[in-house]
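When a ligand or atom number is given, it counts from 1 through the structure's own listing order. Nothing here was measured: the structure is a model prediction, and the numbers come from that model.
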Amino acid sequence: MAKSAIMVMAAICLMSVVGSAYGFDKFFVEGKVYCDTCRIQFVSRISEFLPGATVRLECKEAANETITYVKDAVTDSAGKYCIEVEGDHEEELCEVFLIDSPRLDCNEVKTEVANLETASRISLTHKNGIVSAVREANPLGFLKADPLSVCPEIFKELGLNANGTANTDYN
Ligand SMILES: *[C@@H]1O[C@H](CO)[C@@H](O)[C@H](O)[C@H]1NC(C)=O
Ligand SMILES: *[C@@H]1O[C@H](CO)[C@@H](O)[C@H](O)[C@H]1NC(C)=O
């Protein structure tokens, strides 16, 4: 997509936030997509934010998992997306997850359940006391097929094992 088109999209999302200040039941889900260059599943100083990546917001009924809302978005030049959502989704489980990467060298998605960097749970209701219409999703990362050669240095900095795994019992 042309860079100018991407910038226009981002601007529209911002304008919508301002325009809806007095509206009801409208949310804006914001987040970033990055290339996980060391396959550590969190953002580090050598992560690269990904323009042109596709994410999907999906809401399901908490009771029976029926899909109630689906909306895709593409990241802008800074790897950022904004999804405008209609309606209050209090009784639903909503999350954003990765769909498509623009880079062949960085398009792997870890699919383990409860991996916060692969899918980000979002609360889309005002009934939980959160006033703001803007809801931040956790950064979502595609794994780079071949880790960068600088990764062992990064692991040392972060206090990880030489293979990039955490030095704790938490994983
Ligand atoms: C799923 O649950 C919702 C809310 O309880 C209900 O309105 C809907 O009819 C259910 N759908 C199915 C397929 O059971
Ligand atoms: C990574 O290294 C640690 C410590 O050297 C080891 O205990 C662990 O099994 C390794 N994990 C993998 C996936 O190779």
Side-chain angles (χ1 to χ4, degrees), residues 20 23-50 53-73 79 82-101 103-171:
S20 74
F24 294 95
D25 296 343
K26 203 175 236 199
F27 298 92
F28 301 89
V29 177
E30 285 186 351
K32 284 189 150 192
V33 177
Y34 66 100
C35 176
D36 184 357
T37 49
C38 288
R39 303 174 64 90
I40 48 180
Q41 298 180 254
F42 54 85
V43 176
S44 75
R45 70 174 171 84
I46 59 161
S47 297
E48 297 159 13
F49 289 97
L50 281 180
T54 307
V55 298
R56 176 167 298 165
L57 170 76
E58 193 172 274
C59 297
K60 290 176 182 171
E61 293 286 355
N64 53 28
E65 303 231 313
T66 303
I67 294 173
T68 52
Y69 198 90
V70 178
K71 200 159 182 186
D72 290 0
C82 178
I83 306 172
E84 187 176 334
V85 184
E86 310 287 339
D88 194 284
H89 298 265
E90 185 190 19
E91 302 297 333
E92 294 146 62
L93 300 174
C94 299
E95 61 181 16
V96 180
F97 51 91
L98 295 167
I99 293 288
D100 190 43
S101 170
R103 274 172 54 178
L104 285 176
D105 68 324
C106 193
N107 61 6
E108 188 185 333
V109 178
K110 275 266 188 217
T111 52
E112 278 118 67
V113 185
N115 178 350
L116 292 178
E117 300 272 320
T118 295
S120 177
R121 188 62 60 78
I122 304 287
S123 168
L124 294 176
T125 179
H126 288 299
K127 293 169 190 160
N128 60 5
I130 303 175
V131 175
S132 171
V134 178
R135 303 293 158 97
E136 290 290 333
N138 295 322
L140 299 173
F142 286 102
L143 303 189
K144 192 171 185 313
D146 300 312
L148 299 177
S149 55
V150 71
C151 289
E153 243 172 77
I154 301 295
F155 296 160
K156 227 178 263 174
E157 271 179 38
L158 295 170
L160 301 174
N161 292 319
N163 56 18
T165 60
N167 214 351
T168 65
D169 291 329
Y170 297 120
N171 282 351

Requested in this report: Keeping the roles fixed (side chain from H126, backbone from I130), state whether a donor-acceptor pair exists under 3.5 Å.
Outcome: yes
Report task. Examine distances only and state if a side-chain atom of S101 and a backbone atom of C106 form a donor-acceptor pair shorter than 3.5 Å. Result -> yes
Query raised in the report: Would one find more than 12 heavy atoms of other residues, nucleotides or ligands at under 6.0 Å from atom CD of E157?
Result: yes
Report summary line: So the atoms of ligand 2 within less than 4.0 Å of a heavy atom of N163 turn out to be 1 (C), 2 (O), 3 (C), 8 (C), 10 (C), 11 (N), 12 (C), 14 (O)
Query raised in the report: Any sub-3.5 Å donor-acceptor pair from N64's side-chain atoms to T66's backbone N or O?
Result: yes
Report summary line: heavy-atom search around atom 7 (O) of ligand 1 in the protein gives E61 OE2, 4.6 Å
Query raised in the report: Is the side chain of T37 donor-acceptor paired with the backbone N or O of I46 at a distance under 3.5 Å, no angle test?
Result: yes
Report summary line: the protein heavy atom lying closest to atom 13 (C) of ligand 1 turns out to be T66 OG1, 3.7 Å
Requested in this report: Name the closest protein heavy atom to atom 14 (O) of ligand 1, giving the residue it belongs to and the distance to 0.1 Å.
Outcome: N64 ND2, 3.1 Å
Query - Protein contact for atom 9 (O) of ligand 1 (heavy atom, distance under 4.0 Å) - result: no
